[in-house]
Amino acid sequence: MSPTHDETDHHPTTGLDDAVHQRTRLGLLAVLHETQQADFGYLKRLLKLTDGNLGRHLDVLAQQGLVHISKGYHRNRPRTWVEISERGRAALAAEMAALKTLLHRFENAGPSAQDQGTAPT
């Protein structure tokens, strides 16, 4: 038996943003939400990424306006700092809301047709 839905119903996964939902980018935004700002080396160590991999994901987030990247010096050493933008905070909040909705549906669903060995009709 399948629930009835009108045309305005959407599955929670339709609210997931591909730019945010990717594991590394979600991790970056989550860390930056907690820390406000972090340097490249800290993010690299914490998320166990290579320079190139981290750089590429930061480029994607920056192109979407989700983070701000600045370069400078600290104790005469070049540094790259990353800060979450207001748009990044909003995108992360929307992603978390979609995930909460999806989790709620998962936890409140009965046994699926797959678990029962039948396909939905």
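Just the heavy atoms: all of them, side chains too, but no hydrogens, waters or symmetry mates, feed the values below. Values in this document were obtained by computation on a predicted structure and should not be read as measured data.
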For His68, the side-chain hydrogen bond (donor to acceptor under 3.5 Å, both in side chains) test, sequence neighbours excluded, returns none

Minimum heavy-atom separation for Leu66 and Ala91, please, with both atom names. CD2-CB, 3.8 Å

For residues 41-53, which side-chain N or O atoms pair as donor and acceptor with protein atoms under 3.5 Å away, sequence neighbours left out?
{"unit_1": "Lys44", "atom_1": "NZ", "unit_2": "Asp51", "atom_2": "OD1", "d": "2.7"}
{"unit_1": "Arg45", "atom_1": "NH1", "unit_2": "Gly41", "atom_2": "O", "d": "3.3"}
{"unit_1": "Thr50", "atom_1": "OG1", "unit_2": "Asn53", "atom_2": "N", "d": "3.1"}

Check for me, please, whether Leu29 and Val60 land in the same ILVMFWY cluster - side-chain distances under 4.5 Å, paths through other members count. no

Leu28 and Leu54: CA distance, side-chain angles, deciding distance, side-chain contact (heavy atoms from CB on, under 4.5 Å) verdict: CA-CA 9 Å; Leu28 286 165; Leu54 176 55; 3.6 Å; yes

Can you list everything that forms a side-chain contact (heavy atoms from CB on, under 4.5 Å) with Gln22? Sequence neighbours excluded, please. Thr24, Arg25, His57

I would like to know whether Ile84 and Val31 meet side-chain contact (heavy atoms from CB on, under 4.5 Å); could you show each step before the answer? CA-CA 9 Å; Ile84 192 169; Val31 169; over 6 Å; no

Residue pair Asp59, Arg56: steps toward the side-chain contact (heavy atoms from CB on, under 4.5 Å) verdict: CA-CA 5 Å; Asp59 285 346; Arg56 178 66 187 120; 4.0 Å; yes

Sequence neighbours left out, what pairs pass salt bridge (Lys or Arg N to Asp or Glu O under 4.0 Å) with at least one residue falling in residues 85-104? Glu86-Arg89

Among all residues two or more places apart in sequence or in another chain, which pass the side-chain contact (heavy atoms from CB on, under 4.5 Å) test with Thr80? Phe40, Ile69, Lys71

Decide whether Leu99 and Val20 are clustered together by the hydrophobic rule: side chain heavy atoms of Ile, Leu, Val, Met, Phe, Trp, Tyr closer than 4.5 Å, transitively. yes

Please identify each residue that fulfils side-chain hydrogen bond (donor to acceptor under 3.5 Å, both in side chains) with Asp39, with sequence neighbours left out. Arg79

Closest contact, heavy atoms only, Tyr73 versus Trp81: O-CH2, 3.9 Å

Give the minimum heavy-atom separation between Ser85 and Gly65, together with the two atoms involved. OG-O, 2.6 Å

So Met96 and Leu26, side-chain contact (heavy atoms from CB on, under 4.5 Å) or not? Walk me through it. CA-CA 10 Å; Met96 292 301 170; Leu26 182 60; 4.0 Å; yes

Nearest heavy-atom pair of His33 and Leu92: which atoms, and what distance? CB-CD2, 3.6 Å

